[in-house]
Protein chains: 2
Amino acid sequence: MPTNTSLENLFHLVHALKQQMHRHIEELGLNITAMHIRTISIINDKGSCTASEVASFLQRDKAQITRLLNALIKDDLITKENNPDDKRSQCLRLTEKGLHLLKQIKGIEKTIFKMMSNGMSEETLEGFQQVTKQLTRNLTG
Amino acid sequence: MPTNTSLENLFHLVHALKQQMHRHIEELGLNITAMHIRTISIINDKGSCTASEVASFLQRDKAQITRLLNALIKDDLITKENNPDDKRSQCLRLTEKGLHLLKQIKGIEKTIFKMMSNGMSEETLEGFQQVTKQLTRNLTG
DNA sequence: GATAAGTGATTGATAATATCAACCATAATA
DNA sequence: TATTATGGTTGATATTATCAATCACTTATC
């Protein structure tokens with residue numbers, strides 16, 4: 001039964017991952033979506049960045065990013081400050097509320113990662129990450 | 001810069017994969033979406049199956065599957081025949097047109113897989129598949 | 001310094017993906 | 001037979017995603 005192609009397996013994994021994320025987010029009563037979470041994480045990791053940097057990292061259309069950011073601003077999770085280097089863009093930064101939410105998210109991610117990698121060795125997991133990155137590089141060259 | 005979490009890496013890979021699929025589908029002028037393709041593949045692989053089997057395999061809401069199947073029927077890619085075992089459900093099968101489309105899809109998947117796995121050994125790829133499956137099992141167990 | 005081309009961001013329109021709740025028909029069971 | 005469960009459909013709605021047009025500003029070129 002050749003439905004087990006390499007691509008199907010990956011799609012299944014990511015789908016299961018998203019469902020888990022969704023469940024945990026709901027359980028914590030966090031009124032937020034997956035893309036919002038990724039956006040908040042990126043802004044935090046980069047310390048401060050612009051909308052186009054987020055778009056470039058996520059490889060998404062800038063229109064989508066604009067809307068994503070607007071929702072986060074409306075929820076008081078991030079702020080937009082003037083970018084001294086370029087009057088067209090603004091620097092994004094997490095608010096206190098955003099930082100607090102991020103902490104909860106990190107907890108969820110840790111839980112899911114533990115569940116997902118149960119019984120697997122460090123080497124196996126690290127190897128998996130490296131292959132994942134290489135596959136992505138090959139596709140995006 | 002810890003944006004390279006395990007989850008982010010996976011999301012990136014699948015996103016890149018979907019973009020490649022989309023590009024190839026457009027280039028061939030196939031007027032079809034990613035979920036339609038997966039649905040057609042499943043029906044073909046199972047030989048014949050019902051809507052709820054598709055829903056179960058894809059882990060999707062049955063409402064989504066109904067609409068997916070309706071689109072495929074409208075495009076004359078699959079047919080619905082009476083299920084002798086259960087009057088509530090119907091057996092799905094690919095039409096000639098569906099089989100022809102599937103061949104084109106298989107070609108695209110092969111191309112993408114080649115590109116993605118360029119320079120990687122059989123063992124590495126097989127190991128990756130196994131880990132992917134195990135991670136999924138751990139999440140859905 | 002003026003002009004042209006490029007980049008950052010926003011808005012409108014729209015498609016694809018996804019779920020929930022209500023519902024009908026049929027099946028399984030108690 | 002009455003109840004419960006399952007297969008499937010429909011309506012409503014949210015999320016994710018892209019394209020095209022546009023405005024503001026920046027950079028490059030003349």
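Computed from coordinates, the Gln64(A) CD to dT17(C) C1' distance equals 13 Å when rounded to whole Å. As rounded to whole Å, 14 Å separates atom P of dT15(D) from atom CG of Leu30(A). To the nearest angstrom, P of dT17(C) lies 10 Å from CD1 of Ile32(B). Between His36(A) atom NE2 and dA17(D) atom P the separation is 11 Å, expressed in whole Å. In this structure, CG of Leu92(B) is placed 8 Å from P of dG8(D), rounded to the nearest angstrom. The interatomic distance linking Asp85(B) (CG) with dA25(C) (P) rounds to 22 Å, in whole Å. To the nearest angstrom, C1' of dA16(C) lies 15 Å from CG of Asp61(A). One interatomic measurement links the two molecules: CD1 of Ile65(B) to P of dT17(C), which rounds to 11 Å at whole-angstrom precision.
For Thr50(B) and Met35(A), each mapped to the nucleotide of DNA chain D holding its nearest heavy atom, the one lying further toward the 5' end belongs to Thr50(B). The 5' end of DNA chain D is approached more closely, in terms of each residue's nearest nucleotide, by Ser89(B) than by the other of Ser89(B) and Gln59(A). Toward the 5' end of DNA chain C, the nearer of the two residues His22(A) and Ala34(B), judged by each one's closest nucleotide, is Ala34(B). Between Lys62(B) and Leu68(B), the residue whose closest nucleotide on DNA chain C is further toward the 5' end is Leu68(B).
In terms of phosphate contacts, Thr33(B) brings a side-chain nitrogen or oxygen within less than 4.0 Å of OP1 or OP2 of dT17(C).
Between Leu92(B) and Ala51(B) the shortest heavy-atom distance is CD1-N, 3.8 Å. Minimum heavy-atom separation, Pro84(A) to Asn82(A): CD-O, 3.3 Å. Scanning all heavy atoms of the two residues, the minimum distance from Gln19(B) to Gln59(A) falls at NE2-O, 3.7 Å. Shown here for Leu94(B) and Leu102(B), the closest heavy-atom pair between the two residues is CD1-CD2, 4.0 Å.
A donor and an acceptor atom never sit less than 3.5 Å apart when one is taken from the side chain of Arg67(B) and the other from the base of dG8(D). Between the side chain of Arg23(A) and the base of dT19(C) there is no donor-acceptor pair of N/O atoms closer than 3.5 Å. Checked by distance alone, Arg38(A) brings no side-chain donor or acceptor within 3.5 Å of a matching partner on the base of dT15(D).
Looking at heavy-atom distances under 4.0 Å, Lys80(A) makes contact with sugar-phosphate atoms alone, never a base. Ala51(A) comes within 4.0 angstrom of the backbone, heavy atoms only, and of no base. In this structure, Lys87(B) reaches the sugar-phosphate backbone alone: every heavy-atom distance under 4.0 Å involves primed, P, OP1 or OP2 atoms, never a base. At a threshold of 4.0 angstrom between heavy atoms, the contacts of Arg60(A) are confined to the sugar-phosphate backbone, with no base atom among them. Glu53(A) comes within contact range of no nucleotide atom at all, as no heavy-atom separation falls under 4.0 Å. As judged by a 4.0 angstrom heavy-atom cut-off over every strand, Asn83(A) is placed among residues making no nucleic acid contact.
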Cys49(B) and Val54(B): CA distance, side-chain angles, deciding distance, side-chain contact (heavy atoms from CB on, under 4.5 Å) verdict
CA-CA 7 Å; Cys49(B) 68; Val54(B) 176; 3.7 Å; yes
For Arg93(B) and Glu81(B): C-alpha separation, side-chain torsions, deciding distance, then whether salt bridge (charged side-chain N to carboxylate O under 4.0 Å, His left out) applies.
CA-CA 8 Å; Arg93(B) 220 180 290 276; Glu81(B) 300 161 23; 3.2 Å; yes
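Minimum atom distance to the side chain of Ser52(B) is reached by dG8(D), of the listed dT11(C), dG8(D), dT7(C). Checking dG8(C), dT18(D), dG11(D) against the side-chain heavy atoms of Asp86(A) singles out dG8(C) as nearest. For Gln19(B), the side-chain atoms get nearest to dT18(D) when compared with the rest of dT19(C), dT10(D), dT18(D). Side-chain proximity of Gln90(B) to the nucleotides dT9(D), dA13(C), dA18(C) is greatest for dT9(D). If you check dG6(C), dG7(D), dT19(C) against the side chain of Arg88(A), the one that comes closest is dG6(C).
A side-chain donor from one of Gln134(B) and Arg137(B) sits under 3.5 Å from a side-chain acceptor of the other.
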